[in-house]
Amino acid sequence: MTDAYPPRLVELLNPPTGLVALAARHVESGRTWRHNEHVILPSASLIKLPILAAFWETVEAGGLDPGERVSVPAEARVEGTGVLKALAPGLQPTWSDLATLMISVSDNVATNLVIDRLGMDAIQAWIDKAGLGETRLERRMMDRAAMSAGRGNWTSAADMETLTSAIVAGTCVTGEASRQMRRALEAQQIHDRLPRRLGDSVRVANKTGDFADVIHDAGIVTWTAGALVIAVLTQGVRPGWRAMDTIAEIAAVLTQACAESG
């Protein structure tokens, strides 16, 4: 069912400028909140979530050894988020390390190495098979030529909630793959959105995304009232700190609503 919307949530979902999309579900009660959930937006780094799932599907199928070491050449360096671009070339992390870096610090170098190993078509095939009909991977990270040609990466709040819900349920690829994906989300180092206004006893496993005028966060909030699967995507909400505040406050409003309903 779609739950009642607290007045403050209605305000947050209708900012003076830009758009906010929300898809959230309290796992234990089944209560849901939806707003602009099927609007297709630039995914920014949220696209790394389905890439992670496709990675673990390949591992589970025996097509990739997560413990194999990978050389990171100097030419793999790209701009944007991450740490590998700042480290000496020739470093040899494992494929599992790269998958974790792709999520925990949103590393673009790691992401591109994973994309190249799996193949964009294979990743998109996993996305399609998973029923994420509003998600598309059309380019590598920070591929300026592809951007100039009009290719982008896309998703929706609904698709991100579907994916994170499968991780919580242990049905994303397999139970073991779901555990590995959740472990990577729990290692997230960016805490300026969903977790920011929640208490110390609340655990958040999440993936953020930022690019141009989009600021997103999607993940799993776990506390004494259970688990809240939530995706908040924004575009054109200015200034950027207001978008981050909006995401943080939506998470706080919904966790309070879940707690109050018992």
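In this structure the side chain of Pro15 never reaches within 4.5 angstrom of the side chain of Arg242, judged on heavy atoms. Within the 4.5 Å cutoff, the side chain of Pro50 has heavy atoms near those of the Met160 side chain. Side chains of Leu22 and Ile230 form a contact here, defined as non-hydrogen atoms less than 4.5 Å apart. Proximity of Val229 to Ile167: side-chain heavy atoms (C-beta onward) are nowhere separated by under 4.5 Å. Residues Pro195 and Val202 form no side-chain contact, since every pair of their non-hydrogen atoms from C-beta on lies 4.5 Å or further apart. Contact annotation: the side chain of Thr135 never approaches that of Ser43 to less than 4.5 Å [non-hydrogen atoms, C-beta and beyond]. Looking at heavy atoms from C-beta onward, Pro93 lies in side-chain contact with Val72 at the 4.5 angstrom threshold.
A donor-acceptor pair under 3.5 Å links the side-chain atoms of Asn153 to the main chain of Glu138, judged by distance alone. Put simply, the side chain of Trp223 never gets that close to the backbone of Val221: no donor and acceptor are under 3.5 Å apart. Glu28 places a side-chain N or O within donor-acceptor distance of the main-chain N or O of Ala227, the cut-off being under 3.5 Å. At least one donor-acceptor pair closer than 3.5 Å links the side chain of His26 to the backbone N or O of Ala225. Not a single donor-acceptor pair under 3.5 Å links the side chain of Asp107 to the backbone N or O of Leu101. The closest donor-acceptor contact from the side chain of Arg34 to the backbone of Ala24 lies under 3.5 Å. The closest donor-acceptor contact from the side chain of Gln188 to the backbone of Ile103 lies under 3.5 Å. Glu249 contributes no side-chain N or O that, together with a main-chain N or O of Ile247, makes up a donor-acceptor pair within less than 3.5 Å. Here the side chain of His216 pairs a donor or acceptor atom with the backbone of Pro42 at under 3.5 angstrom.
Under 4.0 Å is where a charged nitrogen must lie from a carboxylate oxygen, and between Arg183 and Glu186 no such pair does.
Note that CG of Asp159 is 11.0 Å distant from CG of Leu41, once rounded to the nearest 0.5 Å. Rounded to the nearest 0.5 Å, atoms CD1 (Ile250) and CZ (Arg193) are 13.0 Å apart. Note that the CH2 atom of Trp95 and the CG atom of Leu118 stand 7.5 Å from one another [nearest 0.5 Å]. Note: Leu49 CG to Thr164 OG1 = 7.5 Å, rounded to the nearest 0.5 Å. For the atom pair CG (Leu194) and OG1 (Thr208), the distance works out to 9.5 Å, reported to the nearest 0.5 Å. Distance CZ/Arg136 to CD1/Ile123: 12.0 Å, rounded to 0.5 Å.
In this structure, Gln256 places its CD atom where only 12 or fewer heavy-atom neighbours from other residues, nucleotides or ligands lie under 6.0 Å away.
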**OP:** Test Arg117 against Phe55 for side chain to side chain contact (heavy atoms under 4.5 Å, CB included), laying out the working first.
**Re:** CA-CA 9 Å; Arg117 174 63 176 80; Phe55 171 85; over 6 Å; no
Subject >> Full working for salt bridge (Lys or Arg N to Asp or Glu O under 4.0 Å) between Glu11 and Arg8 >> reply: CA-CA 5 Å; Glu11 293 176 18; Arg8 181 56 181 152; 2.7 Å; yes
**OP:** Output, in order, the C-alpha distance, side-chain angles, deciding distance and verdict of side chain to side chain contact (heavy atoms under 4.5 Å, CB included) for Val20 and Asn14.
**Re:** CA-CA 7 Å; Val20 176; Asn14 295 278; over 6 Å; no
**OP:** Dump the intermediate steps for side chain to side chain contact (heavy atoms under 4.5 Å, CB included) on Trp33 and Leu228, then the final yes or no.
**Re:** CA-CA 11 Å; Trp33 294 267; Leu228 177 73; 4.1 Å; yes
**OP:** Give the C-alpha distance, both sets of side-chain angles, the deciding distance and a yes or no for side chain to side chain contact (heavy atoms under 4.5 Å, CB included) between Asp210 and Ile215.
**Re:** CA-CA 5 Å; Asp210 306 75; Ile215 295 177; 3.9 Å; yes
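Partner Arg140 forms a side chain to side chain donor-acceptor pair (under 3.5 Å) with one of Asn108, Thr111, Asp116 and no other, that one being Asp116.
If you chain together hydrophobic residues whose side chains sit under 4.5 Å apart, Val237 and Val39 never meet in one group. Grouping the Ile, Leu, Val, Met, Phe, Trp and Tyr side chains by contacts below 4.5 angstrom, directly or via other members, places Leu233 apart from Leu13. Transitive grouping of hydrophobic side chains (ILVMFWY, heavy atoms separated by less than 4.5 Å) brings Met102 and Leu98 into a common cluster. Transitive grouping of hydrophobic side chains (ILVMFWY, heavy atoms separated by less than 4.5 Å) brings Val173 and Val168 into a common cluster. Val214 and Trp241 fall into different hydrophobic clusters, where Ile, Leu, Val, Met, Phe, Trp and Tyr are joined by side-chain heavy atoms under 4.5 Å apart, directly or via other members.
Side-chain atoms of Asp97 and Thr94 form a donor-acceptor pair, as typed in the model, at a separation below 3.5 Å. Looking at Ser106 and Lys207, their side chains do bring a donor and an acceptor atom within 3.5 Å of each other. There is a side-chain donor-acceptor pair under 3.5 Å between Thr222 and Arg182.
Qualifying side-chain contact (heavy atoms from CB on, under 4.5 Å) partners for Ala146, counting only residues two or more places apart in sequence or in other chains: Arg139, Asp143, Arg151. Contacts of Arg238 classified as side-chain contact (heavy atoms from CB on, under 4.5 Å), with partners at least two apart in sequence or in another chain: Thr17, Asp213. Partners of Asp65 according to the side chain to side chain donor-acceptor pair (under 3.5 Å) rule, which considers only residues two or more places apart in sequence or in another chain, do not exist here. Qualifying side chain to side chain donor-acceptor pair (under 3.5 Å) partners for Asp245, counting only residues two or more places apart in sequence or in other chains: Arg196.
Residues in residues 67-92 take part in these side-chain hydrogen bond (donor to acceptor under 3.5 Å, both in side chains) pairs, two or more places apart or across chains: Glu79-Arg144.
The two residues Ala177 and Cys172 have their closest heavy-atom pair at CB-O, 3.8 Å. Nearest heavy-atom pair, Arg31 versus Cys258, reported as atom, atom and distance to 0.1 Å: NH1-CA, 3.7 Å.
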Validation: residues 56-63 side-chain donor-acceptor distances under 3.5 Å, sequence neighbours left out:
residue : atom : partner : partner atom : Å
Glu57   : OE2  : Lys129  : NZ           : 2.4
Thr58   : OG1  : Ala54   : O            : 3.0
Glu60   : OE1  : Thr174  : OG1          : 2.7

